[in-house]
Every structure is written in C-alpha cells, then in structure tokens.
Amino acid sequence: HIAAHADQLHATRIAPGQADTVIGCDLIVTAGDEALSRMQPGRTRAVVCTDVIPTSDFSRNPDWAVDSDAMLKNIQAACGDAVFAANGIELAKALLGDTVAANMFMLGAAWQRGWIPVSLVALDRAIELNGTQVEFNRKAFLWGRQAATDLTAVRQQATPATVVKFVPRERETLAQ
C-alpha cells in the first residue's frame, strides 16, 4: 500500500479490482486467482517477472507442468495493455550475479514506467535506510529502469552466465 498520508490506508488487504500497480516477481503467484482478482483492466498496471520458479509440486510430481504463456495472457487479460513483462530473475543473475536482485529490478521497471507514485529521492533514501546491500540494490533498480525503456539493450548487456534455468517438461505424445 502506498498513500500520501498514513491515515489514507484503511485496509490490510487490497480489495478485488482495486490494485493500481502489481509488481509480480513470481509468475505463478501473480497469475493465481487471488492476485488476478485484485486486477482490473483500465485501472491496474503490472510489471511481471516471467521466469518460472518451480513450486513444491515439482519435487513430488515428475509430470508437473506449467504454461507460462497462458499465465501471462491471464495477467494481460486482467490488466489490459498496461503490462511490462521481463525475465527479471535471469537478467538479475546475469547482470548482478544474484537472482535476489530481481525484486529491485522489477521495482525499477515499475517506477520508470510511472507506475509507482513515489519520488526517486524517496526510493533511494528507502534503499539507503534499509542498509542492506545499498549499492547492489541501487544498481538493480537502475537496471530495471533501463529495462523498462529498452529491454532489448538490457538483454544484450546481460552476458551469458552460469544460470540454472527451469524449463518445464513438454508433454510428449506416445510416438515421441
């Protein structure tokens, strides 16, 4: 929740259809029923990390599969045209050496798009006050801002790194 004054924040949860901006750092969660119910075309904007993070079902079910394209389409249906999607985890690992940078990367993309009503000075001060990996978080935020304006250039800068990337199993026919 973000508001100009604390007394404007009345609820602990966002009501259905009332999210202005969603920063989805986990595609499966962002495309889930609860998150989708908070979105509304014409109102909600979404910055979505498209990397698939396997759930615990993957370890118990060798046939576990996920349709990331369908999940992204569901998010786009819930938000209309106001969706920015990027493989933030993979890019964060390649650019900054750690997947944890994906969260700040996605926040930077949302801010650059004008979807976060907080000044750059205030966000930078929050990073500083947090006191944890300040320069690392500033760099991740900056890369996210760049991605929001030129994702292709950011992908080109992301030099190949040793990244373990989860690729869901394709369903094969008996003949295959």
Side-chain angles (χ1 to χ4, degrees), residues 1-32 34-53 71-72 75-76 78-159 161 163:
H1 292 275
I2 298 173
H5 302 283
D7 61 346
Q8 294 175 315
L9 300 173
H10 303 289
T12 57
R13 299 181 65 87
I14 296 170
Q18 297 300 302
D20 294 316
T21 301
V22 172
I23 301 174
C25 296
D26 182 319
L27 181 61
I28 293 173
V29 172
T30 308
E34 184 175 347
L36 288 174
S37 74
R38 305 307 190 252
M39 302 174 203
Q40 183 182 100
R43 177 184 186 129
T44 308
R45 291 94 34 124
V47 172
V48 182
C49 189
T50 58
D51 304 272
V52 175
I53 303 167
M71 284 190 264
L72 188 56
I75 295 166
Q76 290 167 332
C79 295
D81 294 333
V83 176
F84 172 78
N87 53 328
I89 294 172
E90 185 177 349
L91 290 170
K93 175 68 175 173
L95 294 165
L96 297 155
D98 195 335
T99 60
V100 75
N103 293 345
M104 287 302 291
F105 181 94
M106 299 311 282
L107 177 63
W111 188 87
Q112 187 65 32
R113 293 255 163 160
W115 297 346
I116 305 291
V118 176
S119 73
L120 183 58
V121 171
L123 281 171
D124 188 62
R125 181 71 175 133
I127 291 169
E128 185 179 307
L129 288 172
N130 182 47
T132 304
Q133 296 186 320
V134 173
E135 289 309 312
F136 175 80
N137 284 315
R138 283 177 172 153
K139 287 178 184 175
F141 184 81
L142 189 57
W143 275 116
R145 290 183 62 195
Q146 177 66 31
T149 60
D150 192 349
L151 184 57
T152 301
V154 171
R155 285 184 172 143
Q156 289 173 348
Q157 288 294 314
T159 56
V163 177

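Met39 and Cys79 make their closest contact through SD-SG, 3.5 Å (heavy atoms, listed as atom of the first residue, atom of the second, distance). Looking at every heavy atom in both residues, Ile14 comes nearest to Ala19 through CG2-N, 3.7 Å. For the pair Thr50 and Ala85, the tightest heavy-atom approach, listed with the atom from each and the gap, is CG2-CB, 3.6 Å. Here the closest non-hydrogen pair linking Val83 and Gly80 is CG2-O, 3.9 Å. Here the closest non-hydrogen pair linking Val52 and Leu27 is CG2-CD2, 4.3 Å. Annotation for Gly88 and Cys49: closest pair N-SG, 3.6 Å, computed over non-hydrogen atoms.
Between the Thr149 side chain and the Gln146 main chain, a donor and an acceptor come within less than 3.5 Å of each other. A donor-acceptor pair under 3.5 Å is formed between the side chain of Asp26 and the backbone N or O of Val29. Distance alone, capped at 3.5 Å, places no donor-acceptor pair between the Asn137 side chain and the Ile127 backbone.
The side chain to side chain contact (heavy atoms under 4.5 Å, CB included) check on Leu129 picks up Arg125, with sequence neighbours excluded. Asp124 meets the salt bridge (Lys or Arg N to Asp or Glu O under 4.0 Å) test with Arg138; sequence neighbours excluded. Take Asp20 and apply the salt bridge (Lys or Arg N to Asp or Glu O under 4.0 Å) test, not counting sequence neighbours, and it matches Arg43. Partners of Thr21 according to the side chain to side chain donor-acceptor pair (under 3.5 Å) rule, which considers only residues two or more places apart in sequence or in another chain, are Arg45. Residues passing the side chain to side chain contact (heavy atoms under 4.5 Å, CB included) test with Asn103, sequence neighbours excluded: Cys25. Scored by the side chain to side chain contact (heavy atoms under 4.5 Å, CB included) test, Thr152 finds Asp150, Gln156 as partners (sequence neighbours excluded). Annotation: side chain to side chain contact (heavy atoms under 4.5 Å, CB included) contacts of Ala86 (sequence neighbours excluded): Phe84, Leu151. Checked against side chain to side chain donor-acceptor pair (under 3.5 Å), Arg38 has no partners two or more places apart in sequence or in another chain.
Within 6.0 Å of CG in Asp81 there are 12 or fewer heavy atoms belonging to other residues, nucleotides or ligands.
For the salt bridge (charged side-chain N to carboxylate O under 4.0 Å, His left out) condition, the pairs that include at least one residue of residues 9-18, sequence neighbours left out, are Arg13-Glu34.
For the atom pair CD of Glu90 and CG of Asp51, the computed distance is 6.0 Å after rounding to the nearest 0.5 Å. The distance from atom NZ of Lys139 to atom CG of Leu95, rounded to the nearest 0.5 Å, is 11.5 Å. Asp98 CG to Phe136 CZ: the interatomic distance, rounded to the nearest 0.5 Å, is 4.5 Å. In this structure, CE in Met104 is found 9.5 Å from CD1 in Ile23, a value given to the nearest 0.5 Å. The OG1 atom of Thr44 sits 10.0 Å away from the CG atom of Leu36 when rounded to the nearest 0.5 Å.
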Anything under 3.5 Å between a donor and an acceptor, one on a side chain of residues 107-117, the other on a protein residue two or more places apart or in another chain? List them.
| residue | atom | partner | partner atom | Å |
| --- | --- | --- | --- | --- |
| Trp111 | NE1 | Val118 | O | 2.6 |
| Gln112 | OE1 | Arg145 | NE | 2.6 |
| Gln112 | OE1 | Arg145 | NH2 | 3.0 |
| Arg113 | NH2 | Ala148 | O | 3.2 |

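Within the 4.5 Å cutoff, no side-chain heavy atoms of Trp143 are placed close to those of Leu91. Inter-residue side-chain proximity for Val48 and Gln76 is flagged as unmet; no heavy-atom pair is nearer than 4.5 Å.
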